[in-house]
Amino acid sequence: MKRYLDVYKQCMYSAAQSAVAYRMNFIVSSLITLVGNILFPLVTLLIYRAGTSFPGWSLYEVLLIQSVFTMSSGLSSVIFGGVLWTTMSHVREGSFEVILLKPLNPLFYIVATTFSTDSIGLLLGGISLFIFSAAHAGAISALYWLQFAGLFIAGTAVLAGLSLMMAAMSFKWVGNSRISELADSVLHIGKYPLPIFPKAVQAVASMIIPVGMIGFFPASALLGRAQASDFAAILPCFLFLAAGVWIYRHMIRLYEGVGG
Amino acid sequence: MPVIDVKHLTKTYKTYKRGAGMGQTFKSFFQREEVMVHAVNDISFAIEQGEICGILGPNGAGKSTAIKMLCGALYPTSGEIQVLGYSPARDRKRYVGKIGAVFGQKSQLIWDIPPIDSFNMNRAIYGIATPDFKSRLEELTELLDIAHVIEKPTRVLSLGERMKCEFVMAMLHQPDILFLDEPTIGLDVIAKVKIREFVHQMNKKQNMTCILTTHDLEDVEELAHRVIVINHGEKVFDDSLQRLKLFLGEKKRVSFTFSESVQGTVFDNAYTKVIDRPSDFQITLEVDTAYISISDFLEDISRKHRFSDISVKELPIQQVVMNIYENAGGY
């Protein structure tokens with residue numbers, strides 16, 4: 001365990017050093033990621049300014065859902081964001097053996113070496129938006145904060161599982177560079193109050209691909225609007241992550257390298 | 001007891017034939033013809049502790065696939081590999097801590113940061129104690145003469161410097177076996193010599209076993225005790241370097257660019273054969289140094305002709321394989 005912590009610390013240090021080596025790239029990448037991801041709360045603002053709304057949800061409540069979604073995406077991108085592209089590039093170029101040569105769990109090593117400093121901007125943007133919208137939510141009890149923390153971790157597990165599943169596809173489907181767009185389209189559901197969707201979509205987003213956990217459920221808990229049944233969605237989240245880990249580790253066996 | 005024991009090793013993979021030209025490319029989009037590639041086909045060999053074994057073969061022969069299976073990075077389709085008592089792919093995590101590898105075309109260094117930080121990464125990965133790490137690093141950088149470059153970003157280093165750093169990466173944890181896949185590819189003569197000296201020293205000092213794939217005959221001549229030649233995935237030769245030389249016939253390829261036309265001049269004789277004659281001024285000869293030394297041969301040519309350029313090379317590996325096939329009865 002100590003060795004794994006030491007490796008992770010070393011990887012974070014390397015990532016920070018690489019970011020410092022290309023300072024301008026780091027600043028521009030962080031800004032682009034931030035702008036690209038915080039534009040959608042502005043759309044929410046426009047919707048409410050135009051006099052329409054998501055029924056039963058105030059502007060700040062929706063912004064809170066979206067800020068939790070952004071924070072969760074930011075945290076997941078910092079830790080797991082690089083796994084998809086790095087796996088894809090290793091498989092296409094036949095350099096995955098460099099990972100397999102290390103006496104470590106290859107999944108851990110690839111996660112550690114792809115620590116993404118570029119996504120720190122997104123995480124900070126999400127935190128800022130969260131503080132802004134939570135400030136308008138009134139007093140939040142310690143129990144709600146606790147519920148929020150548990151559900152937020154479960155939401156991040158969903159994003160991690162999704163990243164690993166997409167990355168695992170690279171071993172079989174080499175060069176699937178647009179697969180992340182498919183995932184993004186599913187993730188959009190998590191940015192809005194789940195009750196606005198049809199019941200079938202709600203069920204899928206809670207229990208099968210639990211994207212509701214990324215933004216909606218943790219924000220609901222913070223607002224004191226979570227129902228007991230919402231907590232049942234925690235289990236599928238961790239099952240989703242476990243499935244991602246299992247699929248990735250299984251797909252490594254399919255790695256064939258390229259001609260030498 | 002051998003440290004590496006390979007029995008009937010086979011690696012087959014499926015690929016698709018896409019054809020050439022627009023028509024075939026379009027057709028392959030809808031219907032692709034499956035092709036089974038036998039990258040390694042029923043190879044068996046055993047290697048003893050402390051041995052340096054060169055695996056030779058032309059491009060696409062299956063050398064790299066074989067070494068990747070030996071490193072535990074690829075699962076064999078069939079057959080059995082035992083290295084240091086481990087099955088490399090099955091026991092990968094425990095096994096790879098005992099080996100080191102240098103891939104000439106795949107870097108283990110982190111591109112944007114200095115090699116010293118990549119070395120530190122390996123210290124953490126292999127759990128090397130800090131005092132041991134410091135003393136080994138000092139020894140290795142001194143041997144490879146790279147102490148002055150390890151704090152510069154990797155991307156600004158020359159290919160030779162980077163390759164020497166790759167060797168440090170592979171050796172810091174003192175592996176029992178070192179796998180080298182084309183370690184001298186693209187390097188200049190000075191860097192090649194330094195790296196060969198380094199491998200020699202490590203082999204002598206630590207009794208380290210070394211498997212080397214290359215298509216540079218000089219690497220094998222300088223390093224290997226034993227040679228395995230692979231072609232089209234099959235083992236076509238497995239014996240000592242001395243025996244390989246019987247097939248080579250101690251031949252060299254000498255190319256000249258003459259100052260005057262040599263059209264009509266006959267160069268073929270008992271010890272020289274014309275290989276290529278691209279112009280009236282240029283010629284490539286195969287010289288059998290068992291009959292005439294290179295210095296005597298050059299003296300003879302320079303007495304008769306003036307030349308502006310010359311290069312002396314080993315026989316290409318394709319020629320070696322051809323010679324082995326031609327003399328297959330003798331093997």
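The sequence lines fix the lettering, A, B, ..., with proteins before strands; numbering per chain opens at 1.
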>> Pair B:Asp117, A:Gln17 - check side-chain hydrogen bond (donor to acceptor under 3.5 Å, both in side chains), show working.
In response: CA-CA 9 Å; B:Asp117 291 314; A:Gln17 270 204 315; 3.3 Å; yes
> By number, which residues in residues 77-91 of chain B have some heavy atom less than 4.5 Å away from chain A?
Replying inline: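 Within residues 77-91 of chain B, no residue comes under 4.5 Å from chain A.
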Name the region of [X], side chain, backbone, both or neither, that has any atom closer than 4.5 Å to a heavy atom of chain A.
| X | result |
| --- | --- |
| B:Phe103 | side chain |
| B:Met69 | neither |
| B:Pro153 | neither |
| B:Ser118 | neither |
| B:Ile67 | neither |
| B:Arg94 | neither |
| B:Ile125 | both |

> Around A:Arg249, counting heavy atoms of other residues, nucleotides and ligands shown, do more than 12 lie under 6.0 Å from its CZ?
Replying inline: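 Not buried by this count: 12 neighbours or fewer within 6.0 Å.
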> Are there more than 12 heavy atoms of other residues, nucleotides or ligands under 6.0 Å from atom CE of B:Met36?
Replying inline: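 Correct, the count exceeds 12.
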> So which of B:Lys98, B:Arg123, B:Lys63 has the biggest tally of heavy-atom pairs under 4.5 Å with chain A?
Replying inline: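 Of the options given, most contacts go to B:Arg123.
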> In terms of heavy-atom proximity below 4.5 Å to chain B, should A:Tyr8 be classed as side chain, backbone, both, or neither?
Replying inline: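 Contact with chain B involves no heavy atom of A:Tyr8 at all.
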> A:Tyr109 versus chain B, heavy atoms under 4.5 Å apart: side chain, backbone, both or neither?
Replying inline: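 For A:Tyr109, side-chain heavy atoms alone lie under 4.5 Å from chain B.
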> Taking all atoms of both residues into account, what is the closest heavy-atom pair of B:Tyr126 and A:Arg3, and its distance?
Replying inline: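 Smallest heavy-atom distance, with atoms named: C-CD, 4.4 Å.
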>> On a heavy-atom basis, which atom in B:Ile110 and which in A:Ser14 lie closest, and how many Å separate them?
In response: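 Scanning both residues, the minimum pair turns out to be CD1-OG, 4.0 Å.
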Atom [atom1] of [X] and atom [atom2] of [Y]: how far apart are they, to the nearest 0.5 Å?
| X | Y | atom1 | atom2 | value |
| --- | --- | --- | --- | --- |
| B:Arg92 | A:Leu101 | CZ | CG | 8.5 Å |
| B:Gln108 | A:Glu97 | CD | CD | 10.0 Å |
| B:Lys68 | A:Tyr255 | NZ | OH | 5.5 Å |
| A:Lys102 | B:Met121 | NZ | CE | 8.5 Å |
| A:Ser18 | B:Ile113 | OG | CD1 | 5.5 Å |
| B:Leu74 | A:Leu100 | CG | CG | 8.0 Å |

>> Side chains of B:Asn120 and A:Gln10: any donor to acceptor distance under 3.5 Å?
In response: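 Side chains of A:Gln10 and B:Asn120: no pair found under 3.5 Å.
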